[in-house]
Amino acid sequence: MIIETEKFKNEIENRRTFAIISHPDAGKTTLTERLLLIGGAIRLAGSIKGRKTKTYAASDWMEMERQRGISVTSSVLQFTYQGYRINLLDTPGHQDFSEDTYRTLTAADCALMMIDMAKGVEAQTIKLFEVCRLQGIPIFTFINKLDRQGKEPLDLLDELEKVLGIGSHPMNWPAGAAPGPYGIYHRHSRQLELHRTDQEPEIIPAGSEEAEHPQIKNALGEYSYNKLWDEIKLLETAGDNFDQDKVDQGLLTPLFFGSAISGFGVTSFFTEFLRQGPMPAPRESSAGFIDPASKNFSSFIFKIQANMNPAHRDRIAFLRVCSGVFNRDMMVNHVRTGKNIRLSQPQQFLAQNRNITEQAYPGDIIGLYDPGLFKVGDTLTEGDSFQFKRLPRFSPEHFVRVSSKAAMKHKQFHKGLKQLAEEGAVQVFMTPGSENIILGAVGELQFEVFKYRLKAEYNVEVQMERLPYSMLRWIKGMTVKELPDILNSKTVKDQEENLYLLFKSEFWHKMALEKIAEENLRPVEEMP
Ligand code: G4P
């Protein structure tokens, strides 16, 4: 049943849930802070001055992030701006965390891709873009650092097309260039937003491009003035037209230029982004597509994080509301276990600040205390039981043998191992018949995070030994005893007693296929 009330419809229409993806240093933290600042959610931007005095971004909460200056964990930030209720999902920029990024993106309705104007499309932009593509969500682009000399804007469009294979529709266009006078021309409102040092930008109506605009010419100089109109004409005749269907399918990206650090162009970008950005859409489940306006509450868990705040020593499951209304203390079906559970103490987040939330609507992200019940991918429903589309497994490519340095810390070691594995950052395997523990990860940095967190959160020092394997295959329908001897491989099992083979390379995997039928040796992505 669909709820038709005006209030409920408005709540859904005004929800915007998105993630920012970028190569490290493109300015994601700076833009996040700028958005929080214009949304009135924080008062101090992480300006250069702020950083030098070690005032960290509101979205940084792990000690490790501070030390390394990279974002290793995704945070969820919620705030209200211009009547929109915004859920901003921060994703780790480091390539070793693309699995985490993927999970986070399953909870987002669109992605904002940030690009450094001087650097263009970088290695990590490509990887994260591919993750977005898999997700099939709309992608918006913000080209940052307009206040510095950068690449030619037309070359950047070309790069997006050639490297990422996505068309772009610039919503605004740089006029002039730093360090000289510069601004952005808003193509649809035909206004020039002129940058002014230490002052609010000046908005100059530009009217028809054919007309002479002495004020703009004076401000930019004749060369930049002529270049602007030449480029605008080129975009009108040869550029990609705006096409909503293509934007919805992630084939065309609306593109904006601006400067996160000075805030120039950010407000106009954000206003347009919120206007164009998608509201929560129906989601695929085992019972068909679930309309957000359905009467019954439904949601899924996309992330679990233990010890987010060392002072609390707790575990939080992050849940995305997909339909209906969430009410504090409501009873829901925990579909995987068939249990009926009460959702008490739900929280919403502004980085380290948490607030108990009474109600939440489709698109919202809430955190639940997790007594060890939840797993990433779990569905929670009210009324009928169904399962949202399963999150895919990622095959680890790096492996280490791990043990506690002090035998006395055995219990703590296993507790930490279990909890961190449930978060999904590392996968835990054992060699059948022995106590050896092997960790698998998609990116090597995850081992370092694991080591660091075991020490910081469980007070356990571990030793790790690299293993020479880079490939994992699931053994389907065979027992350990039935396995033939296979050269240069290792048999391991997980906590659910699934069996796997580790290989040193594709070559040894191929050799194994001479002894085991292909139907018995499968990619882990196929596991149920
Ligand atoms: P990230 O989260 O994507 O990794 O990037 P972050 O915001 O930390 O920004 C990376 C660097 O780029 C920072 O400088 C930041 O000040 C700078 N930056 C961000 N936006 C802009 C912009 O619009 N224009 C210019 N010119 N610079 C920008 P840093 O020197 O590496 O660090 P810090 O000393 O400022 O902390």
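Ligands are counted one by one from 1 in listed order, and the atoms in each one are counted from 1 as well.
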Show which atoms of ligand 1 fall inside a sub-4.0 Å distance from at least one heavy-atom site of S22. 3 (O)

With no hydrogens and no angle check, do the side chains of D245 and Q249 hold a donor and an acceptor under 3.5 Å apart? no

F273-F256 aromatic ring centre distance below 6.0 Å: no

Q149 CD: over 12 foreign heavy atoms closer than 6.0 Å: no

Can we say R15 and D364 salt-bridge, meaning some charged N sits less than 4.0 Å from an Asp/Glu carboxylate O? yes

We want to know whether Q215 and E202 form a side-chain donor-acceptor pair, criterion being a heavy-atom distance below 3.5 angstrom. yes

What atoms of ligand 1 come within less than 4.0 Å of a heavy atom belonging to D25? 1 (P), 3 (O), 4 (O), 5 (O), 10 (C), 12 (O)

Do any nitrogen or oxygen atoms of G258 come within less than 3.5 Å of a nitrogen or oxygen of ligand 1? no

Taking only heavy atoms of K28 into account, list the atoms of ligand 1 that are under 4.0 Å away from them. 1 (P), 2 (O), 3 (O), 5 (O), 7 (O)

Identify the residue among T80, T17, N14 that makes a side-chain hydrogen bond (donor to acceptor under 3.5 Å, both in side chains) with R85. T80

Does only the side chain of R148 get under 4.0 Å from ligand 1, or the backbone, or both, or neither? Count heavy atoms. side chain

Out of A118, G27, A26, S259, who is nearest to atom 23 (O) of ligand 1 when you count heavy atoms only? S259

Region of T29 engaging ligand 1 - heavy atom pairs below 4.0 Å: both

Which option wins on minimum heavy-atom distance to atom 7 (O) of ligand 1: I143, T30, D116? T30

Which atoms of ligand 1 are found less than 4.0 Å from any heavy atom of P24? 4 (O)

Test of understanding: given a 4.0 Å heavy-atom threshold, classify the contact between D147 and ligand 1 as side chain, backbone, both, or neither. side chain

Classify the ring geometry between H195 and Y182 as parallel (under 30°), tilted (30 to 60°) or perpendicular (over 60°). parallel

